[in-house]
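Note: hydrogens, waters and symmetry copies are ignored here, and every other heavy atom, side chains too, is used. Everything numeric in this text was worked out from a predicted model, so none of it was measured.
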Amino acid sequence: MKKALITLILTIILAFLSSPAFCKDLDIDAAAYILMDAKTGSVLYEYNPDLRLRPASTTKLATALVALKKGELSQVMTASKEAISDIGVGGMNIGIMPGEQMTLDDLLHAMLIVSANETANIIAENLFSGRDEFINEMNKTAAAIGAKNSTFTNPCGIDEYERDANHYSTARDLALIARECLKYPEFREIVSQKKLDMLAPTNKHEKWNVLNNTNKMLGNSYSYGPETGDDRNQFTITGLKTGSTMRAGNNFVALAVNKDGLELISVILGVNNKPGRTVFDFTETLLRAGYENYSNQIIVDRNKIIKKVTVQDASDDGQLDLVTNGKVEAILPNDKSLWNIEEKVNIKEDLKAPITKGTVLGSITYTINGVSIGKVDIVSSRTIDQSLKAQIRIYVNKITNSRVFKIVTIVLIVIICFLILRRILRKISRRRIYRIKQRNKWYN
């Protein structure tokens, strides 16, 4: 009875952990999510961001990242029978045939736009000596950019085989991988396309069917905040990647931008789609919260006076304003009481003239919860000349501290000592001569 009770409790706990969690604050029914600033990597919202979950086809972001880093878009790749067949039961594909040759560029389009599983396998087999080597590179690349809670065992995201039992990623890791992918203009161009209709003819296909992007939100605009009478308070979905399997549920990594150019990456994992409560609905909810409550804020502006100091050896009163040499901006809550920013100021001590305008004399680092969000140099606001008295003193010190001066001094000391010694010896010699003369005189 006791054993059965323990088993029941463990079953309930595991069921709870594996089922989507409900976030009352944002009304997002998902296992995990994160909202990240694409430019800085700052996190705006998160829920279970480091919970390891099955990523499904969002895996292809990591595949694309390795391909963009290691491959050439013009490289021609050949499809193997194994690459085409190893796509899972009912796996998404575009009908590539064994022996078919396609460029990496076309394969990336098919992989990222319609999520064709075989294209990921083909890329992996052709870019490296085999899929295993490619998968190792996926894991190394992910870890190098900070996605340390991910383990990829295949390049397309299938999770129905025993070999893929440890195929996991997290909301945070996928956001970091997506952010790295966005550094490539080719990637941005591909994920922004609504249709796959530009594949070149191959040795197996004279033409291809036109296929729609699996990202149903792509190109759509959504309103947020107060009504303005124009489209200023809107954000538009410009990418990225969907993914779903029976085990993973529905996943979606989205990229959005508003009229101010603020790009946000949304990752939502583990959604059981229901009418009106799909992964796309929750993505809209998360992004709207981000754009409504956050914006680009100036933490410190250019030429702000940080401190007034007195410069030693100045030709005037030596009063100097230390100012910022730039501005620090970050995506922060619109409510400034929530900022919780810590600043660390470092300024050189015992400043002495001369100092030229713009000379870097320190810096300020801004952090939130120990994470740096910006740094700015502190510089002199004006030129301060050196006083004549200080110039003379420094000149004298320079001369007296020079090697030539020291050598000359030593030589002079030696000469003086020699002359003194010579004089002493002469006196001694004269006295001896005088004594000898006196002695001789006495004897005579």
Side-chain angles (χ1 to χ4, degrees), residues 56-141 152-158 160-161 163-164 167 177 180-181 183-215 218 239-243:
S57 282
T58 59
T59 298
K60 296 183 175 86
L61 293 175
T63 302
L65 181 57
V66 174
L68 290 165
K69 282 181 175 289
K70 301 295 183 178
E72 295 291 337
L73 294 179
S74 60
Q75 179 180 347
V76 177
M77 298 184 168
T78 303
S80 70
K81 182 179 179 181
E82 292 75 19
I84 292 170
S85 61
D86 190 15
I87 61 173
V89 178
M92 191 69 182
N93 68 90
I94 59 169
I96 297 175
M97 302 178 185
E100 190 157 10
Q101 294 183 321
M102 300 177 68
T103 63
L104 175 58
D105 188 25
D106 280 347
L107 289 167
L108 283 172
H109 276 75
M111 183 179 75
L112 294 171
I113 295 174
V114 297
S115 200
N117 284 352
E118 78 271 44
T119 60
N121 293 333
I122 295 168
I123 291 171
E125 290 179 356
N126 283 265
L127 202 55
F128 286 80
S129 60
R131 264 190 269 175
D132 288 344
E133 188 178 347
F134 183 90
I135 292 164
N136 287 337
E137 188 64 26
M138 287 174 68
N139 289 311
K140 282 172 56 180
T141 301
F152 300 112
T153 60
N154 68 74
C156 62
I158 56 176
E160 60 193 64
Y161 303 126
R163 69 165 192 219
D164 303 312
H167 187 89
I177 293 169
E180 193 71 16
C181 286
K183 295 179 180 179
Y184 294 86
E186 305 91 338
F187 178 86
R188 286 178 173 271
E189 183 270 331
I190 293 172
V191 298
S192 68
Q193 295 182 25
K194 288 188 174 184
K195 295 180 181 294
L196 179 65
D197 57 0
M198 297 174 60
L199 292 183
T202 69
N203 57 328
K204 300 288 184 178
H205 279 86
E206 291 185 3
K207 64 177 182 178
W208 298 88
N209 293 329
V210 177
L211 298 170
N212 293 321
N213 197 317
T214 56
N215 179 358
L218 185 61
L240 270 164
K241 188 71 193 74
T242 60

**Request:** Answer yes or no: is there a side-chain heavy-atom contact under 4.5 Å between Tyr184 and Leu65?
**Result:** yes
**Request:** Using a 4.5 Å cut-off on heavy atoms from C-beta on, say whether the side chain of Phe187 contacts that of Leu112.
**Result:** yes
**Asked** Is Asn209 atom CG crowded by more than 12 heavy atoms from other residues, nucleotides or ligands, each under 6.0 Å away?
**Response** no
**Complete:** Shortest non-hydrogen pair, Leu107 vs Met102, comes out as CD2-SD, 3.9 Å
**Asked** Are any non-hydrogen side-chain atoms of Lys241 and Val191 less than 4.5 angstrom apart?
**Response** no
**Prompt:** Could you state the interatomic distance from CG (Leu211) to CE (Met92), rounded to the nearest 0.5 Å?
**Reply:** 6.5 Å
**Prompt:** Which value, rounded to the nearest 0.5 Å, describes the distance between Ile113 atom CD1 and Thr242 atom OG1?
**Reply:** 11.5 Å
**Asked** Do Lys69 and Glu180 have side-chain heavy atoms sitting under 4.5 Å apart?
**Response** yes
**Complete:** Tightest non-hydrogen contact, residues Thr59 and Cys156, listed as CB-C, 4.2 Å
**Item:** Asp105 (side chain) donor-acceptor with Leu73 (main chain) under 3.5 angstrom
**Value:** no
**Separation between OG1 of Thr63 and CG of Leu108, rounded to the nearest 0.5 Å** = 9.5 Å
**Asked** Taking side chain as C-beta onward, heavy atoms only, is Pro155 less than 4.5 Å from Lys60?
**Response** no
**Prompt:** Minimum heavy-atom separation for Phe128 to Lys70, with atom names?
**Reply:** CZ-CG, 4.1 Å
**Prompt:** Taking only residues two or more places apart in sequence, or in another chain, which ones meet Thr78 in a side chain to side chain donor-acceptor pair (under 3.5 Å)?
**Reply:** Gln101
**Complete:** To the nearest 0.5 Å, atom CD1 of Ile158 lies from atom CD of Glu160 at 6.0 Å
**Asked** Is there a donor-acceptor pair under 3.5 Å between the side chain of Asp106 and the backbone N or O of Ala200?
**Response** yes
**Request:** Starting at CD of Glu82, measure out to CZ of Arg131 and round the result to the nearest 0.5 Å.
**Result:** 7.5 Å
**Item:** Shortest non-hydrogen contact from Gly95 toward Glu100
**Value:** O-OE1, 4.3 Å
**Item:** Thr58 side chain to Gly243 backbone, donor-acceptor under 3.5 Å
**Value:** no
**Message:** Contact between Met77 and Glu125 at the side-chain level, heavy atoms closer than 4.5 Å - yes or no?
**Reply:** no
**Asked** Going by atom types only, do Asp164 and Asn154 share a side-chain donor-acceptor pair under 3.5 Å?
**Response** yes
**Prompt:** Under a 4.5 Å cut-off applied to non-hydrogen side-chain atoms, are Met198 and His109 in contact?
**Reply:** no
**Donor-acceptor side-chain pairing of Ser115 and Thr214 below 3.5 angstrom** = no
**Asked** Would you say Glu118's side chain and Ile94's backbone share a donor-acceptor pair under 3.5 angstrom?
**Response** yes
**Request:** State, to 0.1 Å, how close Ile87 and Asn117 come at their nearest heavy-atom pair, and which atoms those are.
**Result:** O-ND2, 3.0 Å
**Prompt:** So, do Ile96 and Trp208 sit near enough that their side-chain heavy atoms are less than 4.5 Å apart?
**Reply:** yes
**Request:** Identify the heavy atoms of Met138 and Ala62 that sit nearest to each other, and give their distance.
**Result:** CE-CB, 3.8 Å
**Asked** Nearest 0.5 Å, what's the CD-CD1 distance between Gln75 and Ile123?
**Response** 10.0 Å
**Request:** I would like to know whether Glu72 and Leu104 meet side chain to side chain contact (heavy atoms under 4.5 Å, CB included); could you show each step before the answer?
**Result:** CA-CA 7 Å; Glu72 295 291 337; Leu104 175 58; 5.8 Å; no
